[in-house]
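Down below is the structure, laid out as structure tokens.
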Amino acid sequence: METRARVIVVGSGAREHALAAALSSGGHEVVSAPGNAGTAVVGRNAPVGADDVAGLVDLAVRERADLVVVGPEAPLTAGLVDALAARGIRAFGPSRAAARLEGSKAFMKEFCARHGIPTAAFAVFDDADAAERYVRAAGRPLVVKADGLAAGKGVVVPAGVDEACAAVDRMLRQREFGAAGARIVVEELLPGEEASFHVVCDGTRGVALAPAQDHKRVGDGDCGPNTGGMGAYAPAPVVTPEVHARVMREVVGPTLAGMAAEGMPFRGVLFVGLMIDQGVPRVLEFNVRFGDPETAVLVPTYDGDWFELLDASARGDLSGVEARPPTRSALAVVMAAEGYPGKPRVGDRIEGLDAHLPPGAFVLHAGTERGADGAVTTRGGRVLAVGASAPSLDAAARTAYEVVGGIHWTGEHHRRDIGRRALAPRAT
Ligand code: AMP
Ligand code: GLY
């Protein structure tokens, strides 16, 4: 029997609420920094921002934390895990050096090229004229990406060559993303269907979680602007057993071996953003943290113990943890505030949060806060991730939407078609 550990979860989204709830239900004490109205119920919140590396190290020392689980990418690329290690505190997540797989797209593409990992053909530029000449010579729309972290806004998938050149101009000449866009990656547009493939790693081994699929556009039928993600489900049937085996063999294996050989073994979760075309997987991007909203469906589809999994990764020894194929399905719907993904309207009172939940259902908080009067109000764009797990995806979808239907606030919006690719007859 595990002893009761004290775990700090860094971040304040539905991802962090899902992890905090899983750790708490495993019998551990959870402190969320900074957390939200949901994490305050499964543990305590500490008023330290997710970007405040020094403040988080102080908190972990003060709390005598056994483990720090880092949710978002920014503190990872800023070196939080290294700073904690220097104080003898174990943390789940990659070192600053290894976090470059997400923090620099040029690094990631060149790493893939060095290790034969399948990804779109690319070139790296810091000169706008050279980049524009390259785009015009290609004669077809190429994807333009800011090198550094740009809060999910640094990728332009253009409809034509002029739009691609305009993106080059905004990034390299007008410095729309500041230093993060002083260098760009220009790459081939890949056809296919996307999937989110998460592997928990210990530096040499990886344990795959259920393959998931996100829904990035704000509106039904994948219309409207891009968001951080409007809903997710798992397992995603586009990741067939054959695709799964190829991803482990062609992507995960060479990535772990390559990172170790280059002196930065990868620990934490490697989130491979895949494009799958006729059974052939290619890497669109690497993230070095859990996806959000994907985590809402990864947690209930993993049968093992979450503390054991995250702690074993942080210790660098996953040998005692088995990869288990998911035996359940899960689906989560993001409920968003009016205006999202633009500037969201905040401060609205959320009604229906106290209703009794059907079996398998969950309500995860993201942009929420509890006022002095006890009422929970909206505080961000993505407000809740509401979902369910069940033996089948259809049952999970039914339950999830039943719970969504009972929660209201002024201006709330959500997609009604989460899971449609797996629920509807599949297009050929
Ligand atoms: P990223 O931040 O790299 O995941 O890019 C954001 C989104 O842009 C991805 O989820 C894809 O939908 C799209 N995207 C990125 N790169 C490509 C590519 N090479 N081909 C097609 N779509 C892409
Ligand atoms: N849902 C995609 C991401 O977390 O990056």
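Read the numbers this way: they start at 1 and go in the same order the structure lists the ligands and their atoms. Start at 1 with the first residue, then count along the sequence. The figures that follow rest on heavy atoms only: side chains count, while hydrogens, waters and symmetry mates do not.
At a 4.0 Å heavy-atom cut-off, ligand 1 touches L190 through backbone and side chain alike. For E188, every heavy-atom contact with ligand 1 shorter than 4.0 Å involves the backbone, none the side chain.
Below 4.0 Å from some heavy atom of L189 lie the following atoms of ligand 1, by number and element: 20 (N), 21 (C). Those atoms of ligand 1 with a heavy atom of E194 less than 4.0 angstrom away are 9 (C), 10 (O), 11 (C), 12 (O). Numbered from 1 in the order shown, with element, the atoms of ligand 2 that lie under 4.0 Å from a heavy atom of D214 read 1 (N), 2 (C). Distances below 4.0 Å separate heavy atoms of K145 from the following atoms of ligand 1: 3 (O), 15 (C), 16 (N). The atoms of ligand 2 that sit less than 4.0 Å from any heavy atom of F271 are 3 (C), 4 (O), 5 (O). When each atom of ligand 1 is checked for a heavy atom of K216 under 4.0 Å away, the hits are 10 (O). Remark: ligand 2 atoms within the under-4.0 Å shell around heavy atoms of G291 are 4 (O). Here is the list of ligand 2 atoms found below 4.0 Å of a heavy atom in G228: 1 (N), 2 (C). Within ligand 1, counting atoms from 1 as listed, the ones closer than 4.0 Å to a heavy atom of K105 are 2 (O), 3 (O). Near M275, the atoms of ligand 1 lying under 4.0 angstrom from a non-hydrogen atom of the residue are 21 (C), 22 (N).
A salt bridge between R420 and D222 is present, with a side-chain N of the basic residue lying under 4.0 Å from a carboxylate O of the acidic one. In this structure, R114 pairs ionically with E262, as a charged nitrogen and a carboxylate oxygen lie closer than 4.0 Å. A salt bridge links R173 to D129: at least one charged side-chain nitrogen sits closer than 4.0 Å to a carboxylate oxygen. By the 4.0 Å N-to-carboxylate-O rule, R90 lies close enough to D311 to be salt-bridged with it.
Considering backbone and side-chain atoms together, R289 places an N or O closer than 3.5 Å to an N or O of ligand 2. Geometrically, ligand 2 and K216 share no nitrogen or oxygen pair separated by less than 3.5 Å.
By heavy-atom distance, the residue among V157, V144, L142, N226 lying nearest atom 13 (C) of ligand 1 is V157.
A cation-pi arrangement is absent between R15 and F290, since the terminal nitrogen or guanidinium carbon is not both under 6.0 Å from the aromatic centre and inside a 45° cone about the axis.
At the shortest separation from atom 7 (C) of ligand 1 among protein heavy atoms lies V155 CG1, 4.4 Å. Looking only at heavy atoms of the protein, atom 19 (N) of ligand 1 is closest to E187 OE2, 2.7 Å. Scanning the protein heavy atoms around atom 17 (C) of ligand 1, the nearest turns out to be L284 CD2, 3.4 Å.
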Inset, instruction - Show the numbers, then the answer: is there a side chain to side chain donor-acceptor pair (under 3.5 Å) between T39 and N45? - result: CA-CA 7 Å; T39 60; N45 287 352; 2.7 Å; yes

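The aromatic rings of H115 and F111 sit tilted, their planes meeting at an angle between 30° and 60°. Ring geometry, H17 versus H365: the interplanar angle exceeds 60°, so the pair is classed perpendicular (tilted spans 30 to 60°).
Closest approach of L23 to V9, counting heavy atoms only: CD1-CG2, 3.9 Å. Nearest heavy atom pair, residue V297 against residue A232, reads CG1-O, 3.5 Å.
Between N36 and the options V41, T368, L384, V383, a side chain to side chain contact (heavy atoms under 4.5 Å, CB included) holds for only T368.
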